[in-house]
Amino acid sequence: MESICIDFNGNKVFGSYDPRFRAVAEQFIENFHHHGEVGASACIHLQGETVLTLHGGSDGITPGSQWEEDTLVTIWSCTKPVVSLCAMLLMQDGLLRPDQRVTDFWPEYGKNGKHATTVEMFLNHTAGAPTINSALLSSEWGDWSLMTELLQEAEPFWNPGDVVGYHPYTFGWLVGRLVRTISGMSVTEFVQERISKPLGLDLWIGAPAKVRHRIAKTLLAEAPVECAYRKAARDRPGSLQAVIEKYPIDFVNRSSGYEAELCAANGVTNAFNLSKLFSLLMDDGKLLSREYLALMTSISSETEEDATFLTPARYGLGVMKRFGELSDQDKFIIGDSAFGHVGAGGHVVFADPDCDVSFAYTMNKMGGELHLNHRGQGLINAVYQSIGGNRFP
């Protein structure tokens with residue numbers, strides 16, 4: 001392993017890497033030099049071994065404070081695979097099946113045309129509940145009873161199962177409600193008892209007070225990049241996109257936001273722990289058997305135009321598959337067998353069983369693109385270059 005310690009313009013980058021992954025380290029540094037990076041971490045596991053771990057820049061907590069090895073950050077929608085994994089563990093325990101009706105566990109959810117909704121529809125973004133058509137403050141998002149009651153009373157935006165449309169926030173309450181009902185634990189407790197503690201991961205949904213001093217301050221994008229989704233939100237006041245965009249996201253950087261069980265967007269960790277989690281997912285029996293990993297990561301729904309994002313989309317059960325082309329603005333380009341997730345602003349995690357590699361990137365300065373931007377995708381490209389050339393078809 002080669003060590004790195006670079007100081008440029010007050011930004012320090014630390015870490016180590018296998019020389020085979022020099023291109024990833026160079027891209028990580030390039031992000032600070034030319035792509036507006038403020039603070040970030042990146043990690044790669046290859047065949048279960050850590051082959052690159054980098055961190056650097058500012059955590060934004062106080063003027064001049066550095067992003068340390070144990071700095072954490074809100075990972076936005078990279079939280080979804082974690083809550084999905086909770087559901088998959090319950091399936092592996094024999095307590096849940098994808099084809100079961102949600103009403104078997106949540107009878108009240110069957111109102112207003114939702115009675116045929118299955119567990120799989122919750123997990124693959126076809127449930128027809130991508131948002132709640134009600135005026136809410138972000139402070140109310142931490143009220144579990146309120147949010148689940150609103151969801152069970154709501155009419156679906158489409159007949160469940162008929163349309164693919166990303167569920168940005170509601171995914172967490174929908175899947176989380178099943179986890180809580182079946183396990184008898186809160187999602188916070190389940191993650192700690194079944195995932196984080198047994199695996200030694202610094203990973204939280206509902207981060208406790210004892211770790212909050214290590215959570216980097218999230219810096220929102222200065223200028224969202226124009227795309228079909230944002231155009232619809234701006235120009236079509238009654239559209240699904242407009243409803244989603246009107247909800248405030250000021251839960252981020254607040255104690256109330258850290259401690260809430262949003263489950264879809266407020267997970268807290270860093271690149272090392274995310275990459276390690278995905279590496280362990282590929283380790284047969286460590287978390288999931290090959291059967292249940294295949295169930296989670298095979299394509300469950302796909303479309304040329306996601307009803308929410310208005311882009312191509314391919315989903316497993318709580319994970320994303322490759323979509324888009326390298327020339328696209330809204331993309332997530334990984335290998336065909338790979339699975340992962342992007343998070344708002346450009347966070348990303350993925351694993352590729354074909355080459356037994358996992359990778360994660362987290363940061364605090366959000367990009368304005370809808371999915372990935374040149375920082376995260378550039379790192380992904382460098383990972384594939386490093387393991388034997390461009391594996392993208």
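FYI, the numbering just counts along the sequence from 1.
- S77 has its side chain within reach of Y166: a pair of non-hydrogen atoms, C-beta onward, lies under 4.5 Å apart.
- Between E153 and K111 a salt bridge is recorded (basic side-chain N to carboxylate O distance below 4.0 Å).
- Minimum heavy-atom separation, M296 to L85: CE-N, 4.1 Å.
- Below 30°, between 30° and 60°, or above 60°: for F32 and F28 the angle between ring planes is above 60°, a perpendicular geometry.
- Across every non-hydrogen atom of N124 and Y315, the tightest pair is O-CD1, 3.9 Å.
- R194 is linked by a salt bridge (Lys or Arg N to Asp or Glu O under 4.0 Å) to D93, counting only residues two or more places apart in sequence or in another chain.
- Note that NE2 of H55 and NZ of K12 are 10.5 Å apart. Values are rounded to the nearest 0.5 Å.
- If you check the side chains of S186 and E261, you find a donor sitting under 3.5 Å from an acceptor.
- Using cut-offs of 30° and 60° on the angle between ring planes, the pair Y229 and F309 is perpendicular.
- Across every non-hydrogen atom of S41 and W67, the tightest pair is CB-NE1, 3.8 Å.
- Side-chain contact, T71 with D59: no donor N or O sits under 3.5 Å from an acceptor N or O.
- In the model, T50 has a side-chain atom that pairs as donor or acceptor with a side-chain atom of H45 under 3.5 Å.
- The residues E226 and K231 are annotated as not salt-bridged, no charged nitrogen and carboxylate oxygen being separated by less than 4.0 angstrom.
- No side-chain donor from either of N381 and Q385 sits under 3.5 Å from a side-chain acceptor of the other.
- To the nearest 0.5 angstrom, N31 atom CG is 8.0 Å from N373 atom CG.
- Across W173, F171, W106, a single residue satisfies side-chain contact (heavy atoms from CB on, under 4.5 Å) together with F122, and that is W106.
- Within the 4.5 Å cutoff, the side chain of Y258 has no heavy atoms near those of the N266 side chain.
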Residues 276-287 side chain polar contacts: donor-acceptor under 3.5 Å, at least two apart:
| unit_1 | atom_1 | unit_2 | atom_2 | d |
| --- | --- | --- | --- | --- |
| K276 | NZ | L199 | O | 3.3 |
| D284 | OD1 | R290 | N | 3.0 |

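- K365 places no side-chain N or O within donor-acceptor distance of the main-chain N or O of G345, the cut-off being under 3.5 Å.
- Partners of E259 under the salt bridge (Lys or Arg N to Asp or Glu O under 4.0 Å) rule, at least two apart in sequence or in another chain, are R212.
- With 3.5 Å as the limit, one finds no donor-acceptor pair spanning the side chains of T311 and D306.
- A salt bridge links R214 to D202: one of the charged nitrogens lies within less than 4.0 Å of a carboxylate oxygen.
- The minimum heavy-atom distance linking I205 with G267 is given by the pair CG1-CA, 4.4 Å.
- Summarising the geometry of V163 relative to W158, their closest heavy-atom pair is O-NE1, 3.1 Å, with the distance given to 0.1 Å.
- Between E120 and R97, no side-chain nitrogen of the basic residue sits less than 4.0 Å from a carboxylate oxygen of the acidic one, so the salt-bridge criterion is not met.
- Here the shortest heavy-atom pairing between M1 and S16 reads CE-OG, 3.5 Å.
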